[in-house]
Amino acid sequence: MLRPLQSLMAPSQSGFGARLQNGLTSQEPANEAQTPLVTSEELKLLKEWPVENLTDILNLPDAALDTTADDYLAFHEQAGRMFETIVPLMKDNAATVRFGAGGASWDIGIPFDLDRAALNNRWRYERPIACWVRKHAQEIEAIAKLGRPYALASASLDVQTMSGVTREEAVETGCYASYLRQIYLRAFNLFGINPLPVEELGINGIDPWMQIVASPAIDPTRCTGQQLQRWAKTQFFTLHIPFECYSILAGLPNSLSIAERMQMCEWRVILEKELSQIWLQGNDSEWLEATLNCLLDPANASASAS
């Protein structure tokens, strides 16, 4: 079924509408002719996640809901069939897989720990899922592309209703970065098969704007947690790093507090400190050393198809 339209504001983000309204009242609107048809932020997101007629969808979300509803139903049906094929890999309720507008994502319900025994236990559940998603990446993207326009239209309408601001007004008043970020955050997490609970949006949600727009080029040794996870996934999907290194890099931000992993972090320094502790304890450091090498020089990492 189609997801009902509703306000999707997470409790921790309740000031978003007020901030946009303040931007509207504190700045003089620019000439409408100066409003770009496609903003630079949108271009970056479109390059990563293509959407036909994105500006039409965001400018007139009500109308877009009608024209994209059939494709969203097709997306839901096809994503549901794919989800059924991966269910057998989700053993012991230790993993949660989601199919949404951004593709497939997964969470492993085991606390992240760099101890070798803990990693082996985590990998027992994560490896089959990660490798399956990588193998079917093109098919997953084709399905996700069907549902993306409707998800963006619905999320755009939510943000517009919540803030009282249209896309054009947000662009003209310099508030569009926050506006667009909220749209993509909702569209990529709250639609599809097994969507993220709305109360977890600001904590565990995939943040496309932070991954792609916030930095022109990601330096994996110094970036936010979301950017490190995005970089690691890209390297794993393109066979530049092995699964074990991907899993450590993707899980490493979860060892920090939410506030810490939203800031720029020195991941090389963090890994080196962890490695020193493991050496002092006399524990197996093979994969942590390999992960540090992947971080510094992924081109020379020996990837395996796992």
Side-chain angles (χ1 to χ4, degrees), residues 10 12-13 39-50 98 100-108 112 114 126 130 133-134 137 140-141 144 148 176-189 196 200-275 288 290-299 301 303:
S12 62
Q13 298 169 313
T39 68
S40 59
E41 295 97 335
E42 289 168 347
L43 286 173
K44 292 176 183 177
L45 291 164
L46 282 169
K47 183 178 179 181
E48 189 71 19
W49 296 287
R98 299 184 174 88
S105 61
W106 60 90
D107 298 322
I108 304 299
F112 181 77
L114 288 172
E126 185 177 22
V133 172
R134 181 177 66 180
I140 290 170
E141 167 57 19
R148 201 170 294 149
Y176 194 53
S178 296
Y179 191 93
L180 185 64
R181 182 180 182 182
Q182 293 296 325
I183 291 172
Y184 269 79
L185 187 64
R186 286 161 172 74
F188 277 49
N189 291 284
L196 189 73
E200 296 183 21
L201 185 60
I203 302 172
N204 297 319
I206 296 169
D207 191 339
W209 191 95
M210 181 60 71
Q211 291 180 357
I212 301 300
V213 180
S215 178
I218 295 177
D219 174 3
T221 65
R222 186 178 187 276
C223 57
T224 68
Q226 288 252 352
Q227 289 169 342
L228 179 66
Q229 290 168 335
R230 179 69 187 177
W231 181 87
K233 186 176 182 180
T234 299
Q235 297 298 313
F236 172 60
F237 273 38
T238 54
L239 301 177
H240 286 117
I241 65 175
F243 162 77
E244 292 83 358
C245 296
Y246 156 74
S247 180
I248 290 174
L249 290 172
L252 194 60
N254 297 327
S255 65
L256 305 180
S257 70
I258 295 172
E260 287 174 327
R261 62 181 183 245
M262 290 180 68
Q263 306 300 316
M264 300 292 281
C265 297
E266 300 285 349
W267 300 110
R268 174 180 180 173
V269 173
I270 291 172
L271 278 173
E272 288 174 342
K273 287 181 178 178
E274 293 288 347
L275 192 54
L288 198 55
T291 300
L292 182 58
N293 291 333
C294 287
L295 189 70
L296 300 177
D297 191 7

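Source: prediction; values computed, not measured.
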**Asked** Do the non-hydrogen side-chain atoms of L180 and L45 ever get within less than 4.5 Å of each other?
**Response** yes
Rounded to the nearest 0.5 Å, the CG atom of L256 sits from the CE atom of M262 at a distance of 13.0 Å
Less than 4.5 Å apart, any side-chain heavy atom of N204 and any of D107?
no
Under a plain distance cut-off of 3.5 Å, with no hydrogens placed, do E41 and W209 share a side-chain donor-acceptor pair? no
Check your understanding: Taking C-beta and beyond as the side chain, do F112 and P253 meet within less than 4.5 Å on heavy atoms?
Key -> no
Rounding to 0.5 Å, atoms CH2 (W267) and CD1 (I270) come to a distance of 4.5 Å
Note to self: What I'd like to find out is whether the side chain of K47 reaches to under 4.5 Å of the side chain of I212, using heavy atoms alone.
What the structure shows: no
When every non-hydrogen atom of E141 is compared with those of P50, the smallest separation belongs to OE2-CD, 4.0 Å
Applying ring-ring contact (aromatic ring centres under 6.0 Å, His included) to Y184 and not counting sequence neighbours gives F188
dist T224:OG1 -> D207:CG (nearest 0.5 Å) comes out at 8.5 Å
Q) Is the shortest heavy-atom distance from the side chain of V133 to the side chain of F237 under 4.5 Å? A) yes
Problem set entry | Close side-chain approach of L252 and R261, heavy atoms under 4.5 Å | no
Note: I140 and A104 closest approach over all heavy atoms is CG2-N, 3.6 Å
Separation between NE2 (H240) and CG (D297), nearest 0.5 Å, reads 11.0 Å
To the nearest 0.5 Å, atom CG of L196 lies from atom CZ of R186 at 12.0 Å
Discussion item. Would you say that I206 contacts Q211 through its side chain, given a criterion of any heavy-atom pair below 4.5 Å between the two side chains?
Written reply: yes
G102 and A144 have their tightest heavy-atom pair at C-CB, 4.4 Å
Closest heavy-atom pair, A130 versus W106, reported as atoms and distance to 0.1 Å, is CB-CZ2, 3.6 Å
Q. Are the side chain of S247 and the backbone of F243 linked by a donor-acceptor contact shorter than 3.5 Å?
A. no
In terms of heavy-atom contacts, W49 and P208 come closest through CZ3-CB, 3.5 Å
- Query: Does any N or O in the side chain of Q227 come within less than 3.5 Å of the main-chain N or O of M210, such that one atom is a donor and the other an acceptor?
  - Reply: yes
Here the gap from L114 atom CG to L275 atom CG, rounded to the nearest 0.5 Å, amounts to 10.0 Å
Shortest non-hydrogen pair, P220 vs L295, comes out as O-CD1, 3.4 Å
_So L292 and R268, do their side chains get closer than 4.5 Å, heavy atoms only?_
yes
